[in-house]
Participant: 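Got a structure for you, questions after.
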Amino acid sequence: MSGTTMTADLTPRQRRLVLATVALSLMAVVSAVAGLNVALPSLAVDTGASQTQLTWIVDSYTVVFAGLLLIAGALGDRYGRKLLLIVGLVIFGGAAALGVFVNDPDQLIVVRMIMGVGAAAIMPTTLSVITTSFPEEERGRAIGVWVGIAGGGAIIGLLVTALLLEWFTWSSFFGLNVAFATVGLIGAITVVPQSVDADPPALDVVGAALSFVAITAFVFGIIEGPEQGWTDPLTLGPIILGIVTGIA
């Protein structure tokens, strides 16, 4: 069934499987935000990464993810939520698989950026899948699960990564992301229903580009502020750019 106000005709068991798939996909995205922090000390020793490189190995994911979040949601509504979820999981999992074998800090930054692209496609789509898969009387409970995963996924990611590091190297963090993405992908292919807006609005390419620049620049400035100083041009410039393009 299509349209944002219509729900797919699913059995209770199918809805539970959809919710499990959405939860695992969202867990992959959220755990990847903070989980890497646990592995940073051993990563720094093994790769020889500088403090600036370590910062961007962590934060490049967040910058790309935040910048693409709005446009990704619009693409899912227009071209298909299931399709975008599958594409996002493939990009996210594929990049994480590369991260298992990469030892160069600059390459790890690129890997994390690509993971951010996949994460931006996954996160808003998971919520859209819930709203189009569950009837109104069950939707609130399903969204509550989504909110719980979004809020607690980072802590779970930290704990699981810490456990993995007791027996494996820092690259096991990326292996965990691959596992989440793989299980989520299987669920997305097999149980998530097709869903698109019946009459989507025209895609605002200029607005999408401005929102990407605004969010990316603003988040970049926020990240650089504590290290460079809040009056440094590398901090103020992106923040001002973010504000100006946000207004535009």
Side-chain angles (χ1 to χ4, degrees), residues 27-72 88 91-123 153-155 157-158 160-162 164-165 168-178 180-181 209-243 245-246:
M27 178 67 72
V29 170
V30 178
S31 65
V33 176
L36 188 57
N37 289 303
V38 180
L40 282 183
S42 57
L43 186 154
V45 172
D46 288 350
T47 66
S50 66
Q51 185 58 50
T52 299
Q53 287 174 319
L54 289 175
T55 298
W56 279 106
I57 288 172
V58 175
D59 292 335
S60 58
Y61 175 88
T62 306
V63 170
V64 174
F65 173 48
L68 293 176
L69 200 58
L70 294 177
I71 183 61
I91 293 173
F92 181 94
L98 288 176
V100 174
F101 304 101
V102 169
N103 289 299
D104 179 77
D106 292 331
Q107 292 177 357
L108 283 172
I109 293 172
V110 175
V111 164
R112 290 280 287 174
M113 291 176 67
I114 298 172
M115 289 177 65
V117 174
I122 295 168
M123 189 171 190
I155 297 174
L158 287 170
V160 176
T161 302
L164 287 172
L165 291 177
F168 305 103
T169 66
W170 57 266
S171 62
S172 61
F173 162 79
F174 290 101
L176 176 64
N177 292 320
V178 173
F180 277 137
L210 287 172
S211 69
F212 174 76
V213 174
I215 297 173
T216 302
F218 194 79
V219 172
F220 182 96
I222 295 295
I223 290 172
E224 289 294 323
E227 184 173 344
Q228 302 293 336
W230 293 103
T231 58
D232 188 275
L234 192 61
T235 301
L236 279 180
I239 290 177
I240 292 172
L241 175 62
I243 293 173
T245 50

Participant: Could you walk me through whether Thr169 and Ser42 pass the side chain to side chain contact (heavy atoms under 4.5 Å, CB included) test, one step at a time?
Facilitator: CA-CA 8 Å; Thr169 66; Ser42 57; over 6 Å; no

Participant: For Ile243, does the CD1 atom have more than 12 heavy-atom neighbours from other residues, nucleotides or ligands under 6.0 Å away?
Facilitator: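 Enclosed: over 12 neighbouring heavy atoms sit under 6.0 Å from CD1 of Ile243.
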
Participant: Quick one: list whatever passes ring pair (Phe, Tyr, Trp, His ring centres under 6.0 Å) with Trp56, sequence neighbours left out.
Facilitator: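 Expected list: Phe220.
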
Participant: Taking atom CZ of Phe212 and atom CD1 of Ile71, what is their separation to the nearest 0.5 Å?
Facilitator: 11.0 Å

Participant: May I ask you to decide if Val213's main-chain N or O and Thr216's side chain share a donor-acceptor pair within less than 3.5 Å?
Facilitator: no

Participant: Are the side chains of Ile240 and Phe218 in contact, using a 4.5 Å heavy-atom criterion?
Facilitator: no

Participant: If I compare all heavy atoms of Met115 with all of Phe92, which pair ends up nearest, and what's the gap?
Facilitator: O-CD1, 3.5 Å

Participant: Taking all heavy atoms of Val33 and all of Asn37, pick out the closest pair and write down the distance.
Facilitator: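 That closest heavy-atom pairing would be O-ND2, 4.3 Å.
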
Participant: Is the backbone N or O of Leu43 less than 3.5 Å from a side-chain atom of Thr47, with the two atoms forming a donor-acceptor pair by type?
Facilitator: yes

Participant: Under the 3.5 angstrom rule, does the side chain of Arg112 hit a backbone N or O of Asp59 as a donor-acceptor pair?
Facilitator: no

Participant: Under the side chain to side chain contact (heavy atoms under 4.5 Å, CB included) criterion, do Ile215 and Leu69 qualify, and how do the steps go?
Facilitator: CA-CA 9 Å; Ile215 297 173; Leu69 200 58; 6.0 Å; no

Participant: Less than 4.5 Å apart, any side-chain heavy atom of Leu40 and any of Phe173?
Facilitator: no

Participant: Side chain of Ser50, backbone of Gln53: donor and acceptor closer than 3.5 Å?
Facilitator: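 Confirmed, Ser50 side chain pairs with Gln53 backbone.
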
Participant: From Leu108 CG over to Ile57 CD1, what is the distance, rounded to the nearest 0.5 angstrom?
Facilitator: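 One finds 5.0 Å between CG of Leu108 and CD1 of Ile57.
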
